[in-house]
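Read through the structure below, which is laid out as structure tokens, and then see the notes.
The basis for the numbers below is simple: all heavy atoms, side chains too, and nothing from hydrogens, waters or symmetry mates. Computed from a predicted structure; not experimentally measured.
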Amino acid sequence: MKIRLPIWAKITALFLTNVVVLTVLLAWIARQQWGIAALPSFRSDKLEQVGEELFRKLEALPVSAWDPLLEEASRTHGITFYLYGQNGARLAGPADFLPGNVHSEITGGANGRRRPPPKRDTFAPNDGPPGPKPEPSPDEATEASSNVSINPRPILSATDGYWSFTRGSLQHAQGTRSVALITRSTSPTGNGFYTNTGGFYWLCAGMLGVSVLVWLPFIHSATRCVRKMQGAASKLAQGDFTARVETKRSDELGALGRSVNHMADQIGSLVDGQKRLLGDIAHELSSPIARMQAILGILESAEANDGTDKREKYTARLANELQQMGTLVQELLSLSKASLRRSIELRPVRLRQQIERCLEREKHNGETIDLQVSDDLSVLGDPELLARAISNILRNAIRYAGHAGPITIKATSSETETILTIQDQGPGVPETSLPRLFDAFYRPDTARTRETGGHGLGLAIVKTCIEAIHGTVHAKNLPQGGLMIEVVLSVA
């Protein structure tokens, strides 16, 4: 079974996936001994190279020249150089305050508070000839045998910047001593000394690439679906109501695409219905107009000796045609008014009282009406629209089945809706005609002309009025014979 996820869930899942992937990558980098600088592609050998060069120069220069040498190196490379002894005594470089972790790194002790600048230490009281060399310790002897031993240490982040250590043994005329060449920079990359800046760019590009790989399929799929809907909407705006959106998505975009297709179906049906309605109106009006023109021609060509009986006959036919046209126009106006009433304020309407008023207008020949509606039953609606709909249903039932037996009017109510049914004992309508029974100008029986069956607008007006008050109407044939119209309304 395919899992259907909404867009917000997909975005959340992709975001979490992206975060997890990047976190795993950064955690792996952090587990390296030096962090990111421990990776070969990110490590810089510049600090080691400069450190070896400075150690050689320090060995060749007197102690008094060490400060200028480190000052010149600091200006050249853009970072600050310090030289400290293993006991934490400053040998050369600026007399700056040292953070606790930096001082502990020099001496090998526990981290402490910010340390003041240590006093200047020297190999000897002066730069004169060397005195007798003290006996070196085993560690110092090992370091002295290699002259210069470079051992870079991790980068330490502190409030005063980023610090790095290069351990080594310095052999001078006054003796051999373990020292630490320390650097400080305000940049985590040390201006290229600590880390290869190009590697950082590659890391950022890699993270961006991972994010793109995570998000690109979703973004591409979403934008493609939006482009399809945009193209379909553009075609609909140009009048092409056959445009459809082909989407198999199960999220909100898929639902939006199906809504666009449904909207296109509805608009196409409405436009086709309007065109068909105009054609039907033209057809319905053309017949009486043609007959009236023929009658007028007969009256104009009639001679005086034809007598008045013939003229009265054609005049009566002309008046009948005019009456039929007037009735048609009135029904068209009723249909138009019901269709145009969009902002309708629904209010409680006593259903039985409304039906009784309609019966007073429509019942003329003693038809039998069985009214089974409670007096206290109320529905939400508009009195005018509801009366027009009920009158048209009753008029049709009386016209086509009033002679066949009683017409039964029932109403049943639940917590949310009231169902009003009007059923007759007539022949009903063909099953194939039921879906179109509420279309304008549709007559299920071709034998029903305007003299016997009206213009085919009655039930169309019923549907428009009922839908205007947020109800529904259906028609179905009864098993024992007859037609039943079912109207569903909201309970007041």
Side-chain angles (χ1 to χ4, degrees), residues 1-18 211-280 335 338-344 346 380-381 385 414-417 419 431-440 442 459-476 486-491:
M1 181 178 179
K2 188 177 180 181
I3 300 177
R4 296 183 178 182
L5 293 177
I7 290 181
W8 67 266
K10 291 183 179 179
I11 293 176
T12 303
L14 289 175
F15 174 75
L16 294 178
T17 302
N18 196 3
S211 300
V212 169
L213 291 177
V214 171
W215 288 96
L216 185 61
F218 170 75
I219 295 175
H220 175 70
S221 176
T223 53
R224 182 178 59 182
C225 185
V226 171
R227 284 196 300 269
K228 288 182 178 180
M229 286 187 283
Q230 182 182 10
S234 178
K235 292 181 179 179
L236 290 175
Q238 296 173 3
D240 182 9
F241 301 112
T242 61
R244 296 294 183 272
V245 179
E246 296 182 2
T247 177
K248 298 180 180 180
R249 299 177 66 98
S250 58
D251 53 14
E252 290 87 346
L253 289 177
L256 179 59
R258 290 187 289 273
S259 297
V260 170
N261 291 340
H262 181 66
M263 179 184 66
D265 292 335
Q266 293 294 100
I267 295 177
S269 299
L270 288 174
V271 172
D272 291 341
Q274 292 296 323
K275 293 179 180 178
R276 185 170 59 249
L277 179 62
L278 289 176
D280 292 339
L335 180 63
S339 302
L340 292 176
R341 292 190 63 175
R342 299 300 181 192
S343 57
I344 299 174
L346 302 182
L380 281 179
L385 294 178
S414 64
E415 293 183 358
T416 58
E417 63 183 20
I419 300 177
E431 290 292 333
T432 56
S433 299
L434 288 176
R436 296 191 56 194
L437 197 59
F438 296 93
D439 292 349
Y442 178 75
L459 292 182
I461 295 174
V462 170
K463 182 180 179 182
T464 304
C465 293
I466 295 300
E467 289 181 349
I469 57 177
H470 305 167
T472 58
V473 59
H474 307 281
K476 62 180 179 180
E486 182 182 87
V487 179
V488 180
L489 301 170
S490 299
V491 174

Got a sec, which residues hit side chain to side chain donor-acceptor pair (under 3.5 Å) with Q238, two or more places apart in sequence or on another chain? none

Test your reading of the model: is there a side-chain donor-acceptor pair from S221 to the backbone of P217, 3.5 Å cut-off? no

The residue among I469, I419, L346 that forms side chain to side chain contact (heavy atoms under 4.5 Å, CB included) with L489 is I469

Listed by chain and number, what are the side chain to side chain contact (heavy atoms under 4.5 Å, CB included) partners of T472, not counting sequence neighbours? H474, V488

Restricting to non-hydrogen atoms, name the atom on A232 and the atom on A243 that form the minimum distance, rounded to 0.1 Å. O-CB, 3.9 Å

With distance as the sole test, does N261 use its side chain to make a donor-acceptor pair with the main-chain N or O of R244 at under 3.5 Å? no

Determine, step by step, whether H470 and L380 satisfy the side chain to side chain contact (heavy atoms under 4.5 Å, CB included) criterion, reporting the C-alpha distance in whole Å, the side-chain angles of both residues, the deciding distance to 0.1 Å, and the verdict. CA-CA 9 Å; H470 305 167; L380 281 179; over 6 Å; no

What residues, two or more places apart in sequence or in another chain, satisfy side chain to side chain contact (heavy atoms under 4.5 Å, CB included) together with T432? P430

Quick one: pull up CD in E486 and CD1 in I466 and give me the separation to the nearest 0.5 Å. 12.0 Å

Hits for side chain to side chain donor-acceptor pair (under 3.5 Å) against N18, two or more places apart or cross-chain, chain-then-number order -> S211

Kindly check if the number of other-residue, nucleotide or ligand heavy atoms within 6.0 Å of CZ (F15) is above 12? no

Could you work out, with side chain to side chain contact (heavy atoms under 4.5 Å, CB included) as the rule, every residue matching L434, not counting sequence neighbours? V429, E431, L437, A475, N477, L483

Drop me the distance from T223's OG1 to L216's CG, to the nearest 0.5 angstrom. 8.5 Å

Could you check whether atom CD of Q230 has more than 12 heavy atoms from other residues, nucleotides or ligands sitting under 6.0 Å from it? no

Expected output: side-chain T464 to main-chain A460 donor-acceptor under 3.5 Å: yes

Spatial distance of atom CZ (F438) from atom CD1 (I461) [nearest 0.5 Å]: 12.5 Å

Would you mind reporting whether E415 and V491 have side-chain heavy atoms less than 4.5 Å apart? no

Run the salt-bridge test on K463 and D439 with the 4.0 Å N-O cut-off and return the result as yes or no. no

Nearest 0.5 Å, please: how far is CZ in F241 from CD in Q266? 12.5 Å

Identify the two heavy atoms, one from I11 and one from W215, that lie closest to each other, and give their separation to 0.1 Å. O-CH2, 3.6 Å

Would you confirm whether D251, through its side chain, and G254, through its main-chain N or O, come within 3.5 Å as a donor-acceptor pair? yes

Enumerate the salt bridge (charged side-chain N to carboxylate O under 4.0 Å, His left out) contacts for residues 216-243, please, sequence neighbours excluded, ordered by first and then second residue. none

